[in-house]
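One structure is given below, encoded as structure tokens.
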Amino acid sequence: MKKIIGGIVVILIVAGLGSPFISGLVMERIVREAFENLNQRYAESGHDVSAEIVRYDRGFSSSEIEWKIKFGGMKALYDIDEVVFIDRAEHGLTGIVTKTSLEKNKWYADFVSGRLAGKDPLHITTTYTMTGAIETTTEVDAFAVQIEQENLTVKPGIFSVACDKEFTKFNSEASWEGIEVADKFSLKGFILKSDLTMISPYVWDGQASFAIESSKAKGDDVADQFELARMKAKSILGYNKELNTLSATVEYGADSLTAGTEKIGNIFARLGVSGLNADRYVEFMKLYTVTMKALLADMADAKDNPEKMQEIVERQMASIGFQMVAAGEKLLTQGLEFQISDLHLQVPEGEIKGDVVITLKKDMTFAQFIPVVNQPVLALDILSLKSAVSLPKQLVGDAPMLFSPIYPGMQTGLFIENAEIVQHAAETKDGKLYLNDKEVMFQ
């Protein structure tokens, strides 16, 4: 019996001693698989960005991994062909934990040694687990540099993102104390959260939000001063599998916005689109990606010749515009809806409010909208509309065009007066258009 127990103890000890090696062996396979999946995601989205493991030196209890990201055509934006990373990994029982360095990038090493006295403010830690989950946390220490005779102070922050090895589910959180440029600009209290799931490379489901405590800019003149207080933004993306449609909503809000001597407060607006055909949207995004990829490649070739780059941009942007219009036309399908809801803001003269919903009743082309200009009644077969706007009369001033009929058959102007408030209401119902509760009599 004692021999059996002793044998079990020996086996457990050997297994315990060998577990870091086994963990490192398994995790190398998982890490390499994650890189393959990442490159597949880049390829599926039409980008020529890629990640490559240059070397993987696996030891008994630790490993060193050198890898890089190649920007492809995106180098025209970043002016950097690639970024090299060194991961120093420690093997654990359930996975590995890596510490990442940018030391092999000359531009970064020069910045740290020349501008930050050799103190690297960036700390990147990534955990790869046996289940395939990946979590990266990036911390930034406070540092200060001088740029064009201005003192730039970057305050501490932390950013975490967790995903699966297939790179289809992402959860992110970030908090950053902000940045200051002398007494000319400041941004304080940045917070971000997101929870997103990839349906396909161009289709996502989930939500993301961020908030800024304050942002200020000061100029030499009062008119150049700017201040934004307690800004919040939130986006919600949705995919309806049964209808094969997409929806997106973006909300913006702020306690106040001051520009020069003008100040508005209690700001909020919700912008949305729904009923967007998913297949046609994907086609549009594929064309956009291919088109922009070609433009960036041409820009990269001309990056040392500003005149040639400007010529390329001017020439190709016109062509791109025509292509995008033609592709965007295919998105005008029955059920497509645009919304501006719960718009409100406080100005010195009073409160402004607004809501607008426009829905397509059938598939359309841009050319089919042209006859509506001369025959407004045709719009009733194309669109459904509901809108309501109110604003202080003082803002409008003397504007008779707003209060007088502008088409035959209108019984009121676009707006009507109600004491100190100017109001507008329009709605299509039963094949008719009602403006400010009065039917528009189309001839």
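Heavy atoms only: backbone and side chains are in, while hydrogens, waters and symmetry mates are out. Numbers here simply count residues along the sequence, with the first being 1.
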* Structure fact -> By ring-ring contact (aromatic ring centres under 6.0 Å, His included), F85 pairs with (sequence neighbours left out) W67
* Asked: Which residues pass the ring-ring contact (aromatic ring centres under 6.0 Å, His included) test with F268, sequence neighbours left out?
  ->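 Residues passing ring-ring contact (aromatic ring centres under 6.0 Å, His included) with F268: H344.
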Sequence-distant partners of [X], side-chain contact (heavy atoms from CB on, under 4.5 Å), two or more places apart:
X: M285; value: Y202, Y281, Y288
X: K169; value: D164, T197
X: R29; value: V26, E33

* Go through the steps to decide whether S160 and T137 satisfy the test side-chain hydrogen bond (donor to acceptor under 3.5 Å, both in side chains), and finish with yes or no. => CA-CA 4 Å; S160 296; T137 299; 3.1 Å; yes
Would you mind reporting whether [Y] and [X] have side-chain heavy atoms less than 4.5 Å apart?
X: K68; Y: V54; answer: yes
X: V282; Y: V203; answer: yes
X: N105; Y: V83; answer: yes
X: L276; Y: T333; answer: no
X: N39; Y: S50; answer: yes
X: P392; Y: I352; answer: yes
X: I382; Y: L360; answer: yes
X: Q423; Y: V389; answer: no

Can you give me the closest heavy-atom contact between [X] and [Y], atom names plus distance?
X: D120; Y: D141; answer: O-OD2, 4.1 Å
X: I30; Y: M130; answer: CD1-O, 3.5 Å
X: A254; Y: L228; answer: CB-CD1, 3.8 Å
X: S390; Y: I421; answer: CB-CG2, 4.0 Å
X: A367; Y: E329; answer: N-OE2, 4.1 Å
X: V356; Y: S387; answer: CG2-CB, 3.9 Å

How long is the straight-line distance from [atom2] of [Y] back to [atom1] of [X], given to the nearest 0.5 Å?
X: F369; Y: L332; atom1: CZ; atom2: CG; result: 5.5 Å
X: L257; Y: N266; atom1: CG; atom2: CG; result: 13.0 Å
X: D57; Y: E66; atom1: CG; atom2: CD; result: 9.0 Å
X: E139; Y: I124; atom1: CD; atom2: CD1; result: 10.5 Å
X: M198; Y: S45; atom1: CE; atom2: OG; result: 9.0 Å
X: L271; Y: F338; atom1: CG; atom2: CZ; result: 11.5 Å

* Asked: Taking it one step at a time, do L385 and V357 satisfy side chain to side chain contact (heavy atoms under 4.5 Å, CB included)?
  -> CA-CA 6 Å; L385 166 71; V357 179; over 6 Å; no
One thing to verify: whether [Y] and [X] come together as a salt bridge, which I'm taking to mean a side-chain N less than 4.0 angstrom from a carboxylate O.
X: E28; Y: R32; result: yes
X: K286; Y: E283; result: no
X: E64; Y: R55; result: yes
X: E349; Y: K263; result: no

Taking distance alone, no hydrogens or angles, what donor-acceptor pairs closer than 3.5 Å link side-chain atoms of residues 181-196 to residues at least two apart or in another chain?
{"residue": "K184", "atom": "NZ", "partner": "E150", "partner atom": "OE2", "Å": "2.8"}
{"residue": "S194", "atom": "OG", "partner": "S172", "partner atom": "OG", "Å": "3.3"}

Quick one: side-chain hydrogen bond (donor to acceptor under 3.5 Å, both in side chains) partners of [X], sequence neighbours excluded?
X: K70; result: E52
X: S274; result: Q339
X: K293; result: none

Do [X] and [Y] have side-chain atoms, one donor and one acceptor, less than 3.5 Å apart?
X: S62; Y: H91; answer: no
X: T428; Y: S384; answer: no
X: E44; Y: Q40; answer: yes

[X] side chain to [Y] backbone, donor-acceptor under 3.5 Å:
X: W176; Y: K155; result: yes
X: D87; Y: A89; result: no
X: N37; Y: K165; result: yes
X: T98; Y: T100; result: no
X: D363; Y: Q334; result: yes

* To do: Assess whether side chain to side chain contact (heavy atoms under 4.5 Å, CB included) is satisfied between E262 and V347, documenting all intermediate values.
  => CA-CA 9 Å; E262 302 294 326; V347 297; over 6 Å; no
* When you look at CD of Q146, are more than 12 heavy atoms from neighbouring residues, nucleotides or ligands closer to it than 6.0 Å? ->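 For Q146, atom CD is crowded (more than 12 foreign heavy atoms under 6.0 Å).
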* Only one of T168, L237, D205 forms a side-chain contact (heavy atoms from CB on, under 4.5 Å) with I199, so which one is it? ->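 Among T168, L237, D205, the one that satisfies the side-chain contact (heavy atoms from CB on, under 4.5 Å) with I199 is D205.
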* Only pairs at least two apart or in different chains count here, so list each side chain to side chain donor-acceptor pair (under 3.5 Å) that has a residue in residues 250-261. =>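 Applying side chain to side chain donor-acceptor pair (under 3.5 Å) to every pair that reaches into residues 250-261, excluding sequence neighbours, yields E251-R270.
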* Kindly state each residue pair satisfying side chain to side chain donor-acceptor pair (under 3.5 Å) with at least one member in residues 225-243, sequence neighbours excluded. => Y239-N244
* **side chain to side chain contact (heavy atoms under 4.5 Å, CB included) between V145 and T153, worked out** => CA-CA 7 Å; V145 294; T153 301; over 6 Å; no
* Starting from the C-alpha separation in whole Å, work towards a yes-or-no answer on side chain to side chain contact (heavy atoms under 4.5 Å, CB included) for T127 and V97. => CA-CA 5 Å; T127 301; V97 178; 4.0 Å; yes
* Under the ring pair (Phe, Tyr, Trp, His ring centres under 6.0 Å) rule, what pairs show up with a residue in residues 102-130, not counting sequence neighbours? ->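 Checked against ring pair (Phe, Tyr, Trp, His ring centres under 6.0 Å) - neighbours excluded - no pair reaches residues 102-130.
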